[in-house]
Amino acid sequence: MTAVLETPPGTTGGSLLPTKHRPGPRRILLHVFLALASLGFLFPLVWAVLNSFRDYEYTAIHGYVSFGGFTLDNYAEAWVRGDFGLHFWNSLIITVPAVLITLLLASCMGFVLSRFSFRFNTTLLAVFLAANLLPPQALLIPIYRMFRSAEVPYWLSDSGTLLNTHLGVIAVNVAFQLGFCTFVLSNYMRTIPREIYESARVDGASVTRQFLQLTLPLCRPPLAALATLQVTWVYNEFFWATVLLQSGDKYPITSSLNNLRGEYFTDYNLLSAGSVLIMLPVLLIFFLLQRQFVAGLTLGATKG
Amino acid sequence: MTTQQTAPPKAGAAATAPAGRVNRRVRRLTGLDLVVVSLMVAIPTLAVLVLVWFPAVASVLLSFTNWDGVGSIGDIDWIGGTNYVNVATNYPPFWPALQHNIIWFAVLFLFATPVGMFFAVLLDKEIRFTRFYQTAIYLPVVLSLALTGFVWQLLYSRDQGLINGLLGTQIDWYGDPNYNLWAAIVATCWKHIGYIMLLYLAGLKAVDASLREAASIDGANERQTFFRIVFPVMRPINVIVLVITVIESLRAFDLVWVINKGRNGLELIAALVTANVVGEASRIGFGSAMATIMLAISSVFVAIYVTIVTREERQS
Amino acid sequence: MSRPSSEAQYLARLVPPSVAATGINRRALLRGALGGATLLGATSLLAACGSGGGSGSVPADGALTIGSSASDAVPKKALADVVAGFKEPGITPRINTVEHEAFQENINNYLQGSPDDVFTWFAGFRMQFFAARGLAGDISDVWQNVTGMTEALKKQSTGEDGKQYFIPSTYYPWAVYYRPSVWAEKGYTAPKTLDEYVALGEKMKQDGLVPIAFADKDGWPAMGTFDQLNLRINGYDFHVGLMAGKESWDTPQVKNVFDTWRRLLPLHQPDSLGREWQEAAQAIQQKKAGMMVFGMFIGEQFNEGADREDLDFFPFPEVDSRIGTDAIEAPIDGYMMSARPKNEPGAKKFLSYLSSPAAQDVQVKANPTVVATNSAATTTGYSALQKKAIEYVASAKSIAQFMDRDTRPDFASTVMIPAIQQFISNPNDIDGLVKSIESQKKTIFTG
């Protein structure tokens, strides 16, 4: 995934070995196997989508191993009963700032780590990277108490503290994602030829200008890939939003899943429709920006 | 706490060593530049220290108290290692939870990882439809674990699930403690295999093509090439996958939490911590003791991970 | 028929278990008296602070937030109707609904965080626990104008410090529920003793019914069965002492309860640990199961009208003739005010409204699976079931709340839920089970 991010700007992917085979029986067997495996992986999703279009009364009588009873009602009902409009909006106003701030701070940190060397370079990187891996449950109570006693203006939070605010959830997400993004970006930035900075420095460009006008534009590829990944991760985040937000009407869509279950615990078709609605944004991002994902995989990961 | 939140390793950590660097000393900086650089380091560092490292230390300290989560922190009584003794000897869900975490890890490592690697090897070849195959296997990775739990519930449900419908059984896959851990692990593998496949695909691409060429010229078949040439070269990525799998197994939470709050056969350490500190109960000190145990285990592997991925910095 | 007098009798017996067990000690009385004496001074002081402080002032838009755990369809609508009926100029109430399990699990953090002005909660120890920790608002002044609530209800709303923290709204009895139409068809009659109960269960099994619908995925529903058995086998006093942490769990009495339950388990719906109570209730509703030990809110899973009228209950049968069946469970639900509400005047007006017969009428009309606590509430519109519930509760000699309301919340949730689930999946190691409960209990009831 990160391979692309280590590609020096301007280099192209290494040549892949030409391994064209004539389709023999082994190759056909391989395709059959891979096709079956792919269908196996897709099946749970397909099943959810399929059932989301089916009428509960119909499946209740005929069982799920049947055909028929198609309807769109589940979506309309799930949307209204689950208050999806509100929860999608909450997800949006958590995800977008969290990703932007994470990328900005990570770029800053990565820039300094890669551009200058000082004694604690590696230590700092380790501190960031390790933070990414700690179990969040272990940090819950202190964070909870900190947020509760952190006073913020009332226009930011109706409670006057960071608790039960989207701001708090954004802050935790940023802190947790920083390690990974910093690491990736600093690795990428290190591949930027030193000479570019040297000539900029000779021209009298300040550090700020070097960062904004040289580094960031060159980092477009990893930033795009990271943005794509981060959007899905923050959108999918479940634990922090669940424990730090207390009003049901502030939950982002992923955390509101549990509330939904209480709403329609036995109507699995409705549940499917709700699940499909929730996965729609990430699937959309995935398919629209698959290039970012796939590029990350395949682009010139070979050395040289 | 989802698979995705682990930093994927640098795929070609060993393969792509940076060109030798000339020292770029900070001391060259002056005036405004120095201020800007300081801020660029200080703000993110502060965020990580305050929101991650300080809470981690605080949790360790809280584990030696009997705080119930109410009132000021000044009123806390220090009770030494009592919480740890109680966790180990007087809390029936603890040992099953630890065992479940270990099973979770074992399956992910011994089953999901080889399968993911196997797919990566197959799909690394230039074959038709490889994009489709990769997409299909990778697709579950973009879904949240909480949602994964729901999607699989449609297959697992006792009365309405597909599996029972097809097999004619009446097994409650999520509810029966004989099965539910395995059911949850299967759902996790569904996500994890694609993730491992991604890591190895990147890793395989990083293997020097000339190595394989040389091997095939020497008459080695595909399998020999893989096990003798490719696999050893991917050693760093293997270790990283191991570490990630350990950490993900330790942090496994979302899935069991949406299924049944991690009870009745689905006890996991992370769920027990949450149940004790978040619930109406609020046994903060007790829960923190389990959190500290988690921290201790994970820090060993975090250290391994950080050592590997930052090794090249030190070398350069 | 509504019988206010008998209802009053019922309410008179509603003594909080903690109080009943210890009697009101002199210190508590003294504290109560002191509280009363300083009340006037304190309120004027508060008022002075309120005008200056930021959090004491009333929001400009008159917003009043209500935290609700009523996430199921029927009670959710009931609360919405009640709020709609609250017409006070300058106050705009808004309901925040959280899924009820999540609401309860999160209550501690919720109350310490930024709670709503008013929130739904339960009477008894479970209320006092949070009041004692300063997480609930004193509403003694609201109580001064409350009418139609008995002294016993007031006691249930009173914290350890003698102040009131709770407005009772509704209650409902726990018993064994069934569908009369099914029973009439099969010729079943309500069992009086445990032996008859078992015999009936066996017969239902032969008739192709699941005898006892059962669900314990959420951990609390099975507590109801434990409570019923313990009340029948060991009586009210032992039960209350056990819940208060005074009696030992590692005793022949408790072992007897689990042992009796073990004998009944084959009659229970299997795979209960993966089932939510709603699904079990629907097994009754769909006439697939014969009976269920549950609260009257089982009716929420029935359709309005004839479907819901086809629901009845009988008291959990007698196990020991020396103990009898006059101890029952009838939990009280209601409302509390948070410790530092943003709109205190609004919250108190709203709570006062909630205690009124008018509000309770609206609530009970929308949710006919509960009974109003206010004796002036209109009972003419009550269903036969509601009327029976009033009589049933009135005829009981002693009334418990429910395990998770009669004992410490941390004990109930981190010890008893896993222990009972453990028992259900492996009912054979009762000795080990009660030993483990008792040893964990000692680490929690330390005070």
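Protein chains get the first letters and strands the later ones, always in sequence-line order, with residue 1 at the start of each. The basis for the numbers below is simple: all heavy atoms, side chains too, and nothing from hydrogens, waters or symmetry mates.
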Check: Of B/Leu162, B/Leu154, B/Val151, B/Thr148, which is the lone residue that meets side-chain contact (heavy atoms from CB on, under 4.5 Å) with A/Pro44?
Finding: B/Val151
Notebook entry, point to check: Using non-hydrogen atoms only, which part of B/Leu61 is less than 4.5 Å away from chain A: side chain, backbone, both, or neither?
Noted result: neither
Checklist line | Heavy-atom pair of closest approach, residues A/Pro135 and B/Met294 | finding: CB-CE, 3.3 Å
Notebook entry, point to check: Hey, does B/Leu147 have a side-chain heavy atom less than 4.5 Å from the side chain of A/Phe238?
Noted result: no
Next item on the list: Report the option among A/Leu45, A/Ile101, A/Leu140, A/Thr102 that has the most heavy-atom pairs separated by less than 4.5 Å from atoms of chain B.
Entry: A/Leu45
Note to self: Using 0.5 Å steps for rounding, measure from the CG atom of A/Leu134 to the CD1 atom of B/Ile247.
What the structure shows: 8.5 Å
Checklist line | Option that, when pairs with chain A are counted at under 4.5 Å, heavy atom only, ranks first among B/Ala270, B/Gly161, B/Gly149, B/Ser63 | finding: B/Ala270
Item checked: Side chain B/Arg251, main chain A/Leu133, donor-acceptor under 3.5 Å -> yes
Check: Would you call B/Trp257 and A/Phe239 a side-chain contact if the rule is heavy atoms closer than 4.5 Å?
Finding: no
Next item on the list: Could you tell me whether the side chain of A/Thr232 and the main chain of B/Val142 form a donor-acceptor pair under 3.5 Å?
Entry: no
Margin query: Which atoms of B/Tyr156 are under 4.5 Å from chain A, going by heavy atoms: the side chain, the backbone, both sets, or neither?
Written below: neither
Check: For B/Val302 and A/Ala130, which heavy atoms make the closest approach, and how far apart are they?
Finding: CG1-CB, 3.4 Å
Note to self: Which one wins on heavy-atom pair count under 4.5 Å against chain B: A/Ala35, A/Ala48, A/Ala106, A/Gly40?
What the structure shows: A/Ala35
With a 3.5 Å cut-off and sequence neighbours excluded, list the donor-acceptor pairs that the side chains of residues 34-57 of chain B form with protein atoms.
unit_1  : atom_1 : unit_2   : atom_2 : d
B/Ser38 : OG     : B/Leu34  : O      : 2.6
B/Thr45 : OG1    : B/Val41  : O      : 2.5
B/Trp53 : NE1    : A/Val127 : O      : 3.1

Check: Given a strict heavy-atom distance threshold of 4.5 Å, which part of A/Ala171 is in contact with chain B: side chain, backbone, both, or neither?
Finding: both
Item checked: Parallel, tilted or perpendicular: ring planes of B/Phe129 versus A/His31, cut at 30 and 60 degrees -> perpendicular
Item checked: Heavy-atom proximity to chain B below 4.5 Å, by part of A/Leu178 -> side chain
Check: Could you give the distance from CG (B/Asp254) to CD (A/Glu237), rounded to the nearest 0.5 Å?
Finding: 7.5 Å
Item checked: Euclidean distance, B/Leu268 CG relative to A/Gln137 CD, rounded to 0.5 Å -> 10.0 Å
Check: Side chain, backbone, both or neither: which part of A/Tyr235 has an atom under 4.5 Å from a heavy atom of chain B?
Finding: neither
Next item on the list: Calculate, to the nearest 0.5 Å, the distance between atoms CG and OG1 belonging to B/Asp33 and A/Thr208 respectively.
Entry: 6.0 Å
Margin query: Counting heavy-atom pairs closer than 4.5 Å to chain B, which one of A/Pro142, A/Ser206, A/Ala175 comes out on top?
Written below: A/Pro142
Checklist line | Partner chain A: residue of B/Val273, B/Ile137, B/Val243 with the largest heavy-atom pair count (under 4.5 Å) | finding: B/Ile137
Notebook entry, point to check: Could you walk me through whether B/Leu139 and A/Phe287 pass the side chain to side chain contact (heavy atoms under 4.5 Å, CB included) check?
Noted result: CA-CA 9 Å; B/Leu139 195 55; A/Phe287 283 116; 4.1 Å; yes
Notebook entry, point to check: Quick one: what part of A/Leu124 sits under 4.5 Å from any heavy atom of chain B, side chain, backbone, both or neither?
Noted result: side chain
Check: For B/Trp190, is it the side chain, the backbone, both or neither that has a heavy atom under 4.5 Å from a heavy atom of chain A?
Finding: both
Next item on the list: Considering only heavy atoms and a distance below 4.5 Å, find which of B/Ser299, B/Ala291, B/Ala303 pairs most often with chain A.
Entry: B/Ala291
Next item on the list: Would you indicate whether the side-chain heavy atoms of A/Phe41 and B/Thr135 approach each other to under 4.5 Å?
Entry: no
Note to self: As an exercise, state the distance from CG of B/Leu143 to OG of A/Ser275, rounded to the nearest 0.5 Å.
What the structure shows: 10.0 Å
Notebook entry, point to check: Which atoms of B/Ile269 come close to chain A, meaning under 4.5 Å heavy atom to heavy atom: side chain ones, backbone ones, both, or neither?
Noted result: neither
Item checked: Which of A/Val112, A/Ile141, A/Val282, A/Leu30 touches chain B most, by non-hydrogen pairs under 4.5 Å -> A/Ile141
Next item on the list: Using the test ring-ring contact (aromatic ring centres under 6.0 Å, His included), find all partners of A/Trp47 that sit at least two apart in sequence or belong to another chain.
Entry: A/Phe43
